[in-house]
Amino acid sequence: MTVRVRFAPSPTGDLHVGSARSALFNYLFARAKGGVYILRIEDTDEERNREEAVRGILGGFEWLGIRADEGPFYQSDRKALYRAKAEELLASGGAYRCVCTVEELDARRKVAQAEKRPYRYERTCRDRKVPDGVPFVLRARLPEDGEVVFEDRILGPIRTGNRELDDFVILRANGTAIYNFCVVVDDVEMGITHVIRGNDHVANTPKQIHLYRLLGKEPPVFAHIPMINGPDGKKLSKRHGAVGVLAWRDLGYLPEAMLSYLSRLGWSHGDQEEFTLAELERLFTLEAVNASAAVFDVKKLEWVNGRLIRRLPAADLAGRIAPMIAARGWDPAAPWLGKAVAALQERSVTLVQMVDGLAPFYAEAVVFDPKAKGKFLTPEALPVLAGLADAVAKVDPFEAGPVGAAAEAWLAAGGHELKKVGQSIRVALTGAAVSPPLWDTMAVLGRERTLARLRAAAAGA
RNA sequence: GCCCCUAUCGUCUAGCCCGGUCUAGGACACAGCCCUCUCAAGGCUGCGACACCGGUUCAAAUCCGGUUAGGGGUACCA
């Protein structure tokens with residue numbers, strides 16, 4: 001039987017990194033098993049604008065490069081199906097009508113709580129003929145004794161006494177279905193063989209298993225993956241900073257980095273720290289997923305991202321940052337861009353940082369950092385700058401190698417140590433105390449701008 | 001409250017299933033050193049963990065029980 005898995009987010013607007021990882025694990029499992037990965041949007045909540053709510057999720061997957069084999073399917077399109085299935089259950093006795101009102105239920109629940117007694121629906125309507133013409137909900141008829149046991153592929157055996165459960169609602173008075181019911185109906189309908197989802201669903205699983213049985217179906221294999229928490233150990237949320245996958249993109253992270261990092265949260269393959277999607281697709285196994293929660297560590301993500309940036313061809317990077325460059329009003333087609341990127345990639349952790357580093361090259365005039373200027377553009381440094389300009393003026397080609405050779409030769413002849421005058425040169429060229437290596441910087445600037453900046457600085461500008 | 005899950009360096013993890021090879025390995029972070037025109041990158045070194053208590057055993061990070069801590073669930077939410 002071919003493996004069929006699904007990721008079923010409720011549309012909240014953006015793809016949370018925790019959701020992204022759940023989706024990733026599902027996707028990887030499908031790929032590793034030669035199975036099918038399905039995307040299903042659980043938008044039974046109505047109201048919200050579906051288009052907009054779903055855009056963030058689909059956009060997130062598009063960025064990550066995770067494509068669904070089937071779907072996206074929308075639960076809001078399948079309401080009739082749920083209703084029909086619920087009625088089937090009613091006919092077969094698997095469900096029954098309940099006319100207890102929300103108010104009554106709330107009151108009883110309160111009493112139970114006051115008495116420190118766990119509240120469960122007392123099955124008032126279970127075996128009675130309910131009056132016609134009164135609003136009713138449908139409740140599942142669960143066994144009163146015994147227990148449900150399932151073998152979670154990650155957590156191991158999980159047993160729940162049926163006494164812990166109650167006859168929960170599957171169809172609201174308004175005729176719409178409740179989550180637990182939709183999930184089961186859809187999973188049955190879509191032929192899902194493995195349900196891989198967040199740990200927060202383990203408590204739902206026994207209920208869902210009962211629903212499978214009531215429907216006369218065999219439950220799938222369950223695998224509950226651990227949660228991703230913030231540094232404080234609490235569920236990762238907005239107050240921990242960026243949680244949407246697309247927000248990380250905007251911060252300058254590469255989808256490959258996000259994928260690689262996410263895969264290592266709760267899963268591992270020996271000591272290997274970095275993975276390509278292709279590697280993950282053949283290496284992933286549920287057996288290697290651990291049971292305990294993980295903390296999202298931005299520092300490690302940064303490390304992965306930086307490694308990737310260093311490793312990527314400069315041309316590739318230039319293409320990726322082109323939109324960001326254009327957004328700043330700069331020319332992404334600048335002929336020297338490739339060289340600049342090559343010089344910057346070793347010292348950029350994010351794409352945003354890299355683009356920031358481009359500023360001195362795009363700037364019309366040098367923008368001086370006052371501190372750097374005061375410290376390094378000293379009177380005694382100025383003649384060196386003027387001399388250096390002359391020394392490299394005729395170098396051809398004006399590339400880092402030859403420029404550096406000429407510059408260093410001239411410096412040595414004059415008894416100037418690069419260690420001493422380097423920063424002055426740097427500030428003259430870029431206005432900042434930090435930049436790529438000097439000769440690279442000159443090569444990127446080109447002969448004309450290099451000489452102009454050196455001479456302007458020398459003249460005290 | 002009740003039910004369920006989890007528990008190895010600050011963080012991600014290897015090891016745990018099939019006890020000895022573990023004076024517990026790797027990575028991020030942090031500190032120091034080296035390299036060096038700045039910043040990085042890179043190299044080296046250091047710091048640093050089996051939550052606790054019992055039990056089983058010749059032997060426990062590994063098996064069992066309890067405690068504690070954290071997380072999740074407990075809806076006519078998803």
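The figures that follow rest on heavy atoms only: side chains count, while hydrogens, waters and symmetry mates do not. None of these values were measured; they are calculated from a predicted model. Letters A, B, ... mirror the listed sequences (proteins, then strands); counts begin at 1.
Contact annotation: A:Arg139 does not reach the phosphate of B:A75 (side-chain N/O to OP1 or OP2, under 4.0 Å). Checking the phosphate oxygens (OP1, OP2) of B:A14, a side-chain nitrogen or oxygen of A:Asn290 falls inside 4.0 Å. For B:A14, the OP1/OP2 oxygens have a side-chain nitrogen or oxygen of A:Ser268 closer than 4.0 Å. Phosphate proximity of B:A78 to A:Arg172: present, with a side-chain N or O under 4.0 Å from OP1 or OP2. Checking the phosphate oxygens (OP1, OP2) of B:A27, no side-chain nitrogen or oxygen of A:Arg264 falls inside 4.0 Å.
Across all strands shown, A:Val295 has heavy atoms under 4.0 Å from sugar-phosphate atoms exclusively, and none from any base. Here A:Lys235 lies in heavy-atom contact (under 4.0 Å) with sugar-phosphate atoms only. Residue contacts for A:Pro206: at a heavy-atom cut-off of 4.0 Å it reaches no nucleic acid atom on any strand shown. If you check every strand for non-hydrogen atoms under 4.0 Å, A:Lys116 touches sugar and phosphate atoms only. Note on A:His224: nothing from the nucleic acid sits closer than 4.0 angstrom, heavy atoms only. Contact annotation for A:Leu155: backbone-only contact, meaning every heavy-atom pair under 4.0 Å involves sugar-phosphate atoms and none involves a base. Residue-level contact check: A:Ser292 touches the backbone only, with heavy atoms under 4.0 Å from sugar-phosphate atoms and none from bases. Counting any heavy atom pair closer than 4.0 Å across all strands shown, A:Arg307 reaches sugar-phosphate atoms only and no base atom. Among the protein residues, A:Glu346 comes within range of the nucleic acid bases, having at least one heavy atom under 4.0 Å from a base atom. Nucleic acid contact for A:Val137: base, since at least one base atom lies under 4.0 Å from a heavy atom of the residue. At a threshold of 4.0 angstrom between heavy atoms, the contacts of A:Arg310 are confined to the sugar-phosphate backbone, with no base atom among them. Across all strands shown, A:Ala291 has heavy atoms under 4.0 Å from sugar-phosphate atoms exclusively, and none from any base.
Counting heavy atoms of neighbouring residues, nucleotides and ligands inside a 6.0 Å radius, atom CG of A:Asp232 exceeds 12 of them.
Below 30°, between 30° and 60°, or above 60°: for A:Phe150 and A:His224 the angle between ring planes is above 60°, a perpendicular geometry.
Using C1' as the reference atom, B:U8 and B:G26 are 13 Å apart when rounded to the nearest Å. The same atom, C1', is picked in B:U56 and in B:U11; the two are 34 Å apart, to the nearest Å. Straight-line distance between the P atoms of B:A40 and B:C34: roughly 16 Å, to the nearest whole Å. B:A41 and B:A31: their P atoms are spaced 12 Å apart (whole Å). Across B:U13 and B:A29, the matching C1' atoms stand 14 Å from one another, rounded to whole Å. Comparing B:A14 with B:U68, their C1' atoms sit 26 Å apart, to the nearest whole Å. Using atom C1' as the reference point in both B:C52 and B:U6, the two lie 16 Å apart (nearest Å). Comparing the P positions of B:C12 and B:G71 gives a spacing of 14 Å, expressed to the nearest Å.
Whole-Å rounding puts the A:Leu165 CG to B:G73 P distance at 16 Å. Atom CG of A:Leu418 is separated from atom P of B:C37 by 6 Å (rounded to the nearest Å). When the P atom of B:A27 is taken as reference, atom CZ of A:Phe275 falls 14 Å away, rounded to whole Å. The CG atom of A:Leu308 sits 15 Å away from the P atom of B:C28 (whole-angstrom rounding). Look at CD on A:Glu104: it is 13 Å from P on B:C76, rounded to the nearest Å. Rounded to whole Å, the distance from NZ on A:Lys299 to P on B:C9 is 21 Å. Between the P atom of B:G72 and the CG atom of A:Asn229 lies a distance of 7 Å, rounded to the nearest Å.
Across all strands shown, B:C18 remains unpaired; no Watson-Crick or G-U wobble contact has both distances below 3.5 Å. Applying the Watson-Crick and G-U wobble criteria (two distances, each under 3.5 Å), B:G42 pairs with B:C34. Using the Watson-Crick or G-U wobble rule with both distances under 3.5 Å, B:C2 pairs with B:G73. Taking a pair to require two hydrogen-bonding distances under 3.5 Å in either a Watson-Crick or a G-U wobble arrangement, B:A24 remains unpaired. Pair assignment for B:A51: B:U67, on the basis of Watson-Crick or G-U wobble contacts that are both within less than 3.5 Å.
We find that A:Arg153 and A:Glu287 are joined by a salt bridge, their nearest charged nitrogen and carboxylate oxygen being less than 4.0 Å apart. Taking 4.0 Å as the cut-off between side-chain N and carboxylate O, A:Glu274 and A:Arg264 do not count as a salt-bridged pair.
Taking the ring centre of A:Phe136 as origin, the terminal cationic atom of A:Arg97 falls inside the region bounded by 6.0 Å and 45° from the ring axis. Within the cation-pi definition used here (under 6.0 Å to the ring centroid, within 45° of the axis), A:Arg21 qualifies as a partner of A:Phe25. Cation-pi geometry between A:Lys85 and A:Phe181 is not satisfied (NZ or CZ under 6.0 Å from the ring centre, within 45° of the ring normal). Note that A:Arg108 lies outside the cation-pi zone of A:Tyr119, set by a 6.0 Å cut-off to the ring centre and a 45° limit from the axis.
Below the 3.5 angstrom threshold, one finds a donor paired with an acceptor across the side chain of A:Asp271 and the base of B:G25. Remark: the A:Asp43 side chain and the B:A78 base include no donor-acceptor N/O pair separated by less than 3.5 Å. In this model, no side-chain donor or acceptor of A:Gln272 finds a partner on the base of B:G26 within 3.5 Å.
Ring centroids of A:Tyr253 and A:Tyr261 are separated by 6.0 Å or more, keeping the two rings apart.
Distances were taken from every side-chain heavy atom of A:Arg109 (C-beta onward) to each of B:A78, B:C37, B:C76; the shortest belongs to B:C76.
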